[in-house]
S.K.: 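Mind looking over this structure? Questions follow.
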Amino acid sequence: QVQLVESGGGLVQAGGSLRLSCVASGRYSMGWFRQAPGKEREFVAAITWSGSSTYYADSVKGRFTIFGDNAKNTVYLQMNSLKPEDTAVYYCAARRIRITISTTAGEYNYWGQGTQVTVSS
């Protein structure tokens, strides 16, 4: 079973920053999704295994950055200028197709446990 281990969530004031980390047990394209109570899980950001392509949801463009350390099978989500509406459980996801990006949760094969991000106003 593929293991994805997320870390880095927490409580931060609006305008602050957090960096989420996800360590995978293999080579995959990676994505971050988030889900707030009562809302559908939504796409946040994704990256190919090589890092050659990234993609962001409109709601986080210019504020969030996804990047990876391939040697460590680790992907990061740097979140800056956080807003209260960013509050959600953030999930790391892995997709076996490594060279393309998907924004659709159902196309990902493996999921982490989730890490809570809370942004206070």
Side-chain angles (χ1 to χ4, degrees):
Q1 186 174 356
V2 173
Q3 285 278 96
L4 301 177
V5 181
E6 303 121 319
S7 62
L11 174 65
V12 65
Q13 293 270 29
S17 298
L18 286 172
R19 180 180 290 182
L20 307 183
S21 300
C22 176
V23 180
S25 59
R27 296 180 177 182
Y28 310 95
S29 61
M30 305 292 291
W32 288 95
F33 293 77
R34 66 188 183 186
Q35 188 166 21
K39 294 187 64 178
E40 186 177 351
R41 186 172 300 184
E42 66 174 339
F43 170 78
V44 176
I47 188 169
T48 56
W49 164 250
S50 68
S52 61
S53 296
T54 59
Y55 192 79
Y56 300 91
D58 288 343
S59 59
V60 306
K61 284 180 181 177
R63 300 189 298 120
F64 291 11
T65 303
I66 186 169
F67 63 98
D69 182 343
N70 293 83
K72 297 181 179 180
N73 285 354
T74 301
V75 65
Y76 303 91
L77 185 68
Q78 178 67 44
M79 305 185 292
N80 298 326
S81 301
L82 283 161
K83 304 174 181 179
E85 53 262 44
D86 295 318
T87 295
V89 177
Y90 283 70
Y91 295 92
C92 176
R95 186 167 174 258
R96 286 174 173 164
I97 300 174
R98 300 195 300 268
I99 62 174
T100 60
I101 284 172
S102 174
T103 63
T104 303
E107 294 183 353
Y108 284 78
N109 303 109
Y110 311 106
W111 294 85
Q113 305 294 310
T115 185
Q116 177 70 48
V117 172
T118 303
V119 184
S120 62
S121 59

S.K.: Spell out, yes or no, whether Val23 and Met79 are grouped together once hydrophobic residues are joined by side-chain heavy atoms under 4.5 Å, including indirect joins.
M.R.: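 No; tracing contacts between hydrophobic side chains, which count when under 4.5 Å, never links both residues.
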S.K.: When you measure from the side chain of Thr115 to the backbone N and O of Gly9, does any donor-acceptor pair fall under 3.5 Å?
M.R.: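 Yes, because the side chain of Thr115 sits within donor-acceptor range (under 3.5 Å) of the backbone of Gly9.
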S.K.: Between Asp58 and Lys61, is there a side-chain N and carboxylate O pair less than 4.0 Å apart?
M.R.: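 Salt bridge: yes.
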S.K.: Check whether Thr104 reaches the backbone of Gly106 with its side chain - one donor and one acceptor, N or O, closer than 3.5 Å.
M.R.: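 A pair under 3.5 Å: no.
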S.K.: Closest approach of Ser17 and Gln78, non-hydrogen atoms and distance?
M.R.: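 Heavy atoms of Ser17 and Gln78 come nearest at CB-NE2, 4.0 Å.
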S.K.: Between Trp32 and Phe43, is the gap from one ring center to the other below 6.0 Å?
M.R.: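 Ring-ring flag for Trp32/Phe43: false, centres at least 6.0 Å apart.
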S.K.: What are the two closest non-hydrogen atoms of Val119 and Thr87, and how far apart are they?
M.R.: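 Result for this residue pair: N-OG1, 2.9 Å.
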S.K.: Check whether Val75 and Leu4 end up in the same hydrophobic cluster, where Ile, Leu, Val, Met, Phe, Trp and Tyr are linked by side-chain heavy atoms less than 4.5 Å apart.
M.R.: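 As far as the 4.5 Å side-chain criterion goes, Leu4 and Val75 are connected within one cluster.
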S.K.: Considering all heavy atoms of both residues, which atom of Leu77 and which atom of Ala45 are nearest to each other, and what is their separation?
M.R.: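 So the two residues come closest at CD1-CB, 4.0 Å.
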S.K.: For Pro84 and Ala14, which heavy atoms make the closest approach, and how far apart are they?
M.R.: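 Heavy atoms of Pro84 and Ala14 come nearest at CD-CB, 4.1 Å.
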S.K.: Between Gln3 and Ser25, do the side chains contain an N or O donor and an N or O acceptor separated by less than 3.5 Å?
M.R.: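 No, Ser25 and Gln3 have no side-chain donor paired with an acceptor closer than 3.5 Å.
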S.K.: If Ile, Leu, Val, Met, Phe, Trp and Tyr residues are connected whenever their side-chain heavy atoms lie under 4.5 Å apart, and connections chain through other members, are Ile47 and Val44 in the same group?
M.R.: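 Ile47 and Val44: one cluster.
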S.K.: Under a single-linkage definition using a 4.5 Å side-chain heavy-atom cutoff for Ile, Leu, Val, Met, Phe, Trp and Tyr, are Tyr56 and Tyr91 assigned to the same hydrophobic cluster?
M.R.: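 Not linked; separate clusters.
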S.K.: If you group Ile, Leu, Val, Met, Phe, Trp and Tyr by side-chain heavy-atom gaps below 4.5 Å, do Leu82 and Ile66 land in one group?
M.R.: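 The answer is yes; both residues are in one hydrophobic cluster.
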S.K.: Just say parallel, tilted or perpendicular for the rings of Phe64 and Tyr90, cut-offs at 30° and 60°.
M.R.: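 Geometry flag for Tyr90 against Phe64: tilted rings.
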S.K.: Under a 3.5 Å threshold, yes or no: a donor from one side chain and an acceptor from the other, between Arg95 and Thr100?
M.R.: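 Checked: Arg95/Thr100 side chains pair up, N/O donor to acceptor below 3.5 Å.
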S.K.: So, does Ser59 use its side chain to make a donor-acceptor pair with the main chain of Ala57 at under 3.5 Å?
M.R.: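 No, the answer is negative, given that no donor and acceptor are paired below the 3.5 Å cut-off.
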S.K.: Return the minimal non-hydrogen interatomic distance between Tyr76 and Arg19, and the atom names on each side.
M.R.: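 Scanning both residues completely, I find the closest heavy atoms to be CD2-CD, 3.9 Å.
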S.K.: Kindly give the heavy-atom pair with the smallest separation between Tyr110 and Tyr28, and that separation in Å.
M.R.: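 In this case the closest contact between Tyr110 and Tyr28 is CE1-CE2, 3.8 Å.
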